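See structure below.
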Amino acid sequence: QVQLVESGGGLVQAGGSLRLSCAASGRSFSTYAMGWFRQAPGKEREFVAAISGSSLRTNYADSVKGRFTIARDNAKNTVYLQMNSLKPEDTAVYYCAKNVLNIVTMNRNLYDSWGQGTQVTVSS
């Protein structure tokens, strides 16, 4: 079982930036896709971004395209989410997740390991 630990969340003003990190335990990190999801109070968990094992393929939710960038460092077993031009509606708990294979998908049912989440709060 892969363990995932997120960090980097916090409070930021609208228009600001944050970078989230997710460190994964175990081997074979480069063989599976990773994703970021978020969940705001009273809402369902939603897809944010995903990246393939080799970083060749990425996918983003329409709401974050052009503002967020997902990246990974396989030597460090870490995936990142750079968030720029943050808006109050980006406020949520952000989770990283491991895909069951190497599928860049927004379907959360295809992710089998999840981190504990990190809070991101954007003030207006």
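As the structure is a prediction and not an experimental result, all values here were calculated from the model.
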Could you check if a side-chain atom of [X] sits within less than 4.5 angstrom of a side-chain atom of [Y], using non-hydrogen atoms only?
X      : Y      : result
Lys76  : Phe29  : no
Glu6   : Val93  : no
Cys22  : Tyr80  : no
Asn59  : Thr105 : no
Met83  : Val120 : yes
Tyr32  : Val100 : no
Asp112 : Lys98  : yes
Val12  : Thr121 : no

Test item: Arg67 side-chain N/O and Gln82 main-chain N/O as donor-acceptor pair under 3.5 Å: no
From CA spacing to verdict: side chain to side chain contact (heavy atoms under 4.5 Å, CB included), Val48, Tyr60: CA-CA 6 Å; Val48 176; Tyr60 296 91; 6.0 Å; no
Tell me whether [X] shares a hydrophobic cluster with [Y], the cluster being built from Ile, Leu, Val, Met, Phe, Trp, Tyr side chains joined at under 4.5 Å.
X     : Y      : value
Met34 : Val2   : yes
Val64 : Ile70  : yes
Leu18 : Val122 : yes

Pair Asp62 + Lys65, salt bridge at N-O below 4.0 Å: yes
Closest heavy-atom pair and its distance - Ala40, Ala92: N-CB, 3.8 Å
Heavy-atom closest pair, residues Leu4 and Ser113: CD1-O, 3.4 Å
Residue pair Glu46, Arg108: steps toward the side chain to side chain contact (heavy atoms under 4.5 Å, CB included) verdict: CA-CA 8 Å; Glu46 65 175 6; Arg108 64 178 187 233; over 6 Å; no
Lys/Arg cation over aromatic Trp114: Arg45, 6.0 Å, 45° cone: yes
Gln3 atom CD: more than 12 heavy-atom contacts under 6.0 Å: no
Chi angles and distances behind the side chain to side chain contact (heavy atoms under 4.5 Å, CB included) call for Thr31, Asn102: CA-CA 6 Å; Thr31 64; Asn102 194 22; over 6 Å; no
Criterion ring pair (Phe, Tyr, Trp, His ring centres under 6.0 Å) against Phe37, the qualifying member of Tyr95, Tyr111, Tyr94: Tyr111
Could you tell me the separation between the [atom1] atom of [X] and the [atom2] atom of [Y], rounded to the nearest 0.5 Å?
X      : Y     : atom1 : atom2 : answer
Ser21  : Asp73 : OG    : CG    : 10.5 Å
Ile103 : Ser52 : CD1   : OG    : 11.5 Å
Leu81  : Arg38 : CG    : CZ    : 9.5 Å

Test item: side-chain donor near acceptor, Ser17 and Asn84, under 3.5 Å: yes
Reference residue Asn99; test side chain to side chain contact (heavy atoms under 4.5 Å, CB included); the match among Ile51, Asn107, Leu110, Val104: Leu110
